[in-house]
Amino acid sequence: MAAITANGLEKSYGSVDALADMNVSVSRGELFGFLGPNGAGKTTTIRILTGQVTPDSGDVRVLGVDPTTDPIETRRRVGILPEQESPPSFLTPREYFDFVGKIRSLADETVAERVERWADRLGFRSKLDTLHTDLSRGQQQKVMITQAFLHEPEVVFIDEPLANLDPIVQEQVKRFLVAYAAEDNAIFLSTHNIEVAEDICTRVGIVADGKCIAERDLGGDGGSESRSDSDDASTRDSENSLLETFLAHVDDANARDVPVMQR
Ligand SMILES: Nc1ncnc2c1ncn2[C@@H]1O[C@H](COP(=O)(O)OP(=O)(O)OP(=O)(O)O)[C@@H](O)[C@H]1O
């Protein structure tokens, strides 16, 4: 059973069609990159998959739960790292993690032990008792990464996890994400950053105009293995870099005459 599926998702905001027949499926063990330009529909898809927005039509399942009818159970089971979200300015990281631990039904000792581990992993131990308002953007980002993984969820949705982090921490987070997905979890990673996707993702979906217009297997180590079903487009993709694939499909989509890859 796939960890995440979305079939035929449509969503409009007034006259703006954010999603138009979005289809995507992610299995356990995958670090799936969701790659697309501004306004392509990535955040809207994540918000539907995490029960924050109701689609106009289409079916979604996350760990067998329907986020449209059971958003609370969905959010209980998954981790979410939203784009550009800050921890509460009036709390310290330790207070915030205690709060997150409570709503995640974690024992106090479990929270304390995991917080220590994450503070060491990301290098913010000295800031655990500093108000968030006095932390840098990067330090706040480390806190947000920690809260997403605190309950060790089987599925994690991440919007641009590496923004504001220094190169050493970026590398640590990337290696952590690869290892976490490999432990039979699923990570859904939305990004504009093709190099990051190429570096760590097992597979990417390229999104434009509210739908997934192409997919590419990367073999999990930045390799260039192509999909097993070899139509002309995927054969061509296997010979191109991810950047070339991305630009080709997005340009095609913008011209609105792309032959959509069969999925
Ligand atoms: N709450 C909203 N009200 C109106 N329009 C919205 C809303 N949320 C998203 N949109 C529109 O829906 C489209 C898809 O937006 P979405 O945020 O899903 O794209 P995205 O791929 O995440 O973009 P980015 O990479 O810039 O974050 C855009 O045209 C956006 O302006």
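Counting starts at 1 for both ligands and their atoms, in listed order.
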*How would you list, by chain and number, every residue that makes a ring-ring contact (aromatic ring centres under 6.0 Å, His included) with F176, sequence neighbours excluded?*
W118, F149, Y180

*Where is the tightest heavy-atom contact between A208 and I213, given as atom of each residue plus distance?*
CB-CD1, 3.9 Å

*Taking every non-hydrogen atom, the tightest pair across D129 and R94*: OD1-NE, 2.9 Å

*Check side chain to side chain contact (heavy atoms under 4.5 Å, CB included) between P37 and all other residues, then give those that pass, not counting sequence neighbours.*
A40, F246, V250

*Please check if any side-chain donor atom of S136 sits under 3.5 Å from a side-chain acceptor atom of Q139, or the reverse.*
yes

*asked:* Please output the residues near ligand 1 using a strict heavy-atom distance under 4.0 Å, listed in chain and residue-number order.
replied: Y13, V16, A18, P37, N38, G39, A40, G41, K42, T43, T44, E83, H192

I'd like a table of donor-acceptor pairs (distance under 3.5 Å, sequence neighbours excluded) in which one partner is a side-chain atom from residues 56-63, with atom names and distances.
from: D56; atom 1: OD2; to: S12; atom 2: N; distance (Å): 2.7
from: R61; atom 1: NH1; to: D66; atom 2: OD2; distance (Å): 3.3

